[in-house]
There are 2 protein chains.
Amino acid sequence: MNAGRTARDRARAELTREIKDAARRQLAAEGAERLSLRAVSRELGMVSSALYRYFPSRDDLLTALIIDAYDALGAKAEAAAKDQDDPRTAWLAVCRAVRVWAVAHPHEYALIYGSPVAGYKAPESTIQPAGRVAVVLLGILSRAQDTGVLVAPAEAPEPLGLLAEQLTVFKEMAPGVPPKVLVRTVIAWTQLFGMISFELFGQLVGTMDPADEFFLQATDQLADFIGLTQEFG
Amino acid sequence: MNAGRTARDRARAELTREIKDAARRQLAAEGAERLSLRAVSRELGMVSSALYRYFPSRDDLLTALIIDAYDALGAKAEAAAKDQDDPRTAWLAVCRAVRVWAVAHPHEYALIYGSPVAGYKAPESTIQPAGRVAVVLLGILSRAQDTGVLVAPAEAPEPLGLLAEQLTVFKEMAPGVPPKVLVRTVIAWTQLFGMISFELFGQLVGTMDPADEFFLQATDQLADFIGLTQEFG
DNA sequence: ACATGTCAAGAGCACTGCTCTCGATTTAGT
DNA sequence: ACTAAATCGAGAGCAGTGCTCTTGACATGT
């Protein structure tokens with residue numbers, strides 16, 4: 001049973017990886033819709049039907065790519081956060097890292113944050129990797145709270161009713177952070193990806209393109225909005 | 001030359017409309033990727049090749065649907081703005097109208113604000129309709145400025161350099177509105193569609209779903225963020 | 001050495017977008 | 001009113017797609 005022991009197991013793992021690599025290359029070149037099993041098989045010099053031994057369907061191959069993309073982005077976000085001590089700097093670094101990854105892998109970004117692929121239902125296995133960036137952001141908030149550099153904005157209203165209930169998931173991930181800050185964090189979270197999507201999907205062309213300065217300005221203001229104070233030397 | 005005079009012209013206009021309607025039905029049922037010319041032709045009881053007399057390619061049909069979608073959304077936004085006197089109320093009404101339309105037409109929303117269709121390059125003709133919602137929002141800002149209910153936030157930094165230059169387009173559409181407010185408007189603009197995209201594309205499932213209360217809360221705070229003050233009875 | 005499970009290959013089905021040709025019909029110019 | 005041009009739907013056909021099923025070769029564990 002030992003994983004990867006027999007030659008067959010090793011060959012299988014290797015080929016699975018090669019298929020995903022080829023698929024990623026196609027994804028980058030053509031986009032998700034034009035990802036074709038036959039083209040992948042052609043690139044690998046095998047027959048299309050053989051791919052079905054490794055991925056039961058095109059959707060399963062897509063799922064694998066989606067999970068890999070979430071994980072790659074999540075890893076970048078985690079790395080960016082770890083490099084910084086000051087929570088506000090960490091926040092900005094994570095925002096920047098997410099954008100850098102997105103710009104470098106636009107098709108993979110579109111795969112996970114763009115419109116859902118037609119007829120494709122995201123399986124359970126994708127939701128955990130999908131949450132990694134949010135976990136990082138909440139971790140930063142939590143640390144800021146602990147070190148006293150998080151100052152809940154006075155003008156932010158206290159969330160009530162259903163909205164307060166919906167925060168429970170986040171409360172557990174960032175204990176001690178005031179609910180009003182959590183709401184603003186969710187706002188900032190959707191804002192972060194909203195900006196990147198607009199940039200990558202061409203909505204900013206003719207106005208805020210290139211978006212570097214706008215992005216810096218926006219994430220900085222969002223840090224204020226959340227209540228992440230500047231640290232003093 | 002008189003448009004729509006001959007029987008042929010009328011028949012052509014009619015059929016063009018029917019093709020788009022059928023395509024929209026397919027879009028709603030299956031999504032953009034699965035929009036098939038053959039299926040449309042089947043629904044209309046004609047042969048697939050005949051469709052090419054009306055739309056030179058599948059992409060051209062998509063373009064027509066995209067423009068129609070932008071126009072439909074733009075019309076809703078304009079109507080929502082016209083119904084309100086108070087700028088802040090108008091702002092909230094437009095945000096709400098955009099979301100209502102998006103929820104009612106998720107596939108059309110995905111078509112215009114989701115990931116670009118593979119291999120599809122948006123033609124010039126789409127950029128004017130694409131700007132309608134932004135024009136409405138800037139109009140509200142401009143009116144707020146004129147009536148004195150727009151109070152530029154003191155803590156917002158003054159945009160400099162490239163960022164200040166990129167605002168020129170918006171300055172013309174909303175004369176008199178301070179640059180710092182324009183930057184925040186763009187932030188709010190990306191935020192609005194970021195939230196809706198997250199909601200429609202399933203990123204909020206398990207947390208802020210349903211997103212009604214969150215959306216209300218967010219748009220309200222965004223109004224503050226921009227500087228749209230509450231009006232007093 | 002043998003039965004078992006796994007593998008790539010190939011043929012085939014029902015689709016797709018798109019092109020071209022073919023007559024039929026309608027329009028526009030004289 | 002007659003004719004030439006433009007337009008139309010139909011049909012065949014090409015190259016591509018995802019996917020299924022069968023076949024024969026190979027490696028695996030006993």
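Below, read A as the first sequence line, B as the second, and so on, with proteins coming before strands; counting in each chain starts at 1.
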Interatomic distance where OH belongs to Y52(B) and C1' belongs to dC14(D) [whole Å]: 13 Å
- prompt: What is the distance, rounded to the nearest whole Å, between atom CD1 of I19(B) and atom P of dC8(D)?
  reply: 10 Å
field: 5'-most by nearest nucleotide on DNA chain D - R8(B) or R42(A)
entry: R8(B)
query: So do the side chains of W189(B) and L204(A) get within less than 4.5 Å of each other, counting heavy atoms only?
result: yes
- prompt: When you look at CZ of R143(A), are more than 12 heavy atoms from neighbouring residues, nucleotides or ligands closer to it than 6.0 Å?
  reply: yes
message: If the threshold is 4.0 Å, N to carboxylate O, is there a salt bridge linking R17(B) and D21(B)?
response: yes
- prompt: Contact class for L44(B) vs. all strands (heavy atom < 4.0 Å): base, sugar-phosphate, or nothing?
  reply: nothing
- request: Any side-chain hydrogen bond (donor to acceptor under 3.5 Å, both in side chains) involving residues 62-71 of chain B? Give me the pairs, sequence neighbours left out, ordered by first then second residue.
  value: Q203(A)-Y70(B), K20(B)-D68(B), R24(B)-D68(B), T63(B)-Y120(B), D71(B)-R132(B)
Stretch residues 55-66 of chain B: residues that reach within less than 4.0 Å of DNA chain C through a heavy atom: S57(B), R58(B)
- line: Closest to the 5' end of DNA chain D, once G45(B) and S36(A) are matched to their nearest nucleotides, is G45(B)
Test: D212(B) and R99(B) ion pair at under 4.0 Å: yes
query: Taking CZ from R10(A) and P from dA27(D), how many angstroms apart are they, rounded to a whole number?
result: 13 Å
message: Mind checking if A11(B) touches a base, just sugar-phosphate, or nothing, with heavy atoms under 4.0 Å?
response: nothing
query: In whole angstroms, how far is the P atom of dG16(D) from the CD atom of E30(A)?
result: 13 Å
- line: Closest of dA10(D), dA8(C), dT16(C) to the A50(A) side chain is dA8(C)
query: Is the base of dA10(D) touched by the side chain of S49(B) through a donor-acceptor pair closer than 3.5 angstrom?
result: yes
statement: Separation of dA28(C) atom P from D9(B) atom CG, nearest Å, is 7 Å
field: L15(A) or R38(B), whichever maps to the more 5' nucleotide of DNA chain C
entry: L15(A)
task: Any chance you could measure F215(A), atom CZ, to E199(A), atom CD, to the nearest 0.5 Å?
output: 8.0 Å
- request: Evaluate the side-chain proximity of L167(B) to M208(A): yes if any heavy-atom separation is below 4.5 Å, no if none is.
  value: yes
- request: Could you check if a side-chain atom of P159(B) sits within less than 4.5 angstrom of a side-chain atom of V183(B), using non-hydrogen atoms only?
  value: yes
field: Atom-pair distance (CD on Q26(B); P on dC15(C)), nearest Å
entry: 13 Å
field: M46(B) side chain, from C-beta outward: closest of dC8(D), dC19(D), dG9(D)
entry: dG9(D)
- request: Mind checking L51(A) for me? I need base, sugar-phosphate or nothing, with any heavy atom below 4.0 Å counting as a touch.
  value: nothing
- request: Tell me which nucleotide among dG9(D), dG10(C), dC18(C) gets nearest to the side chain of V47(A).
  value: dG10(C)
- prompt: If you look at every strand shown and take non-hydrogen atoms under 4.0 Å, does R34(A) touch a base, only sugar-phosphate, or nothing?
  reply: nothing
message: Base of dG9(D), side chain of R53(B) - is there a donor-acceptor contact under 3.5 Å?
response: yes
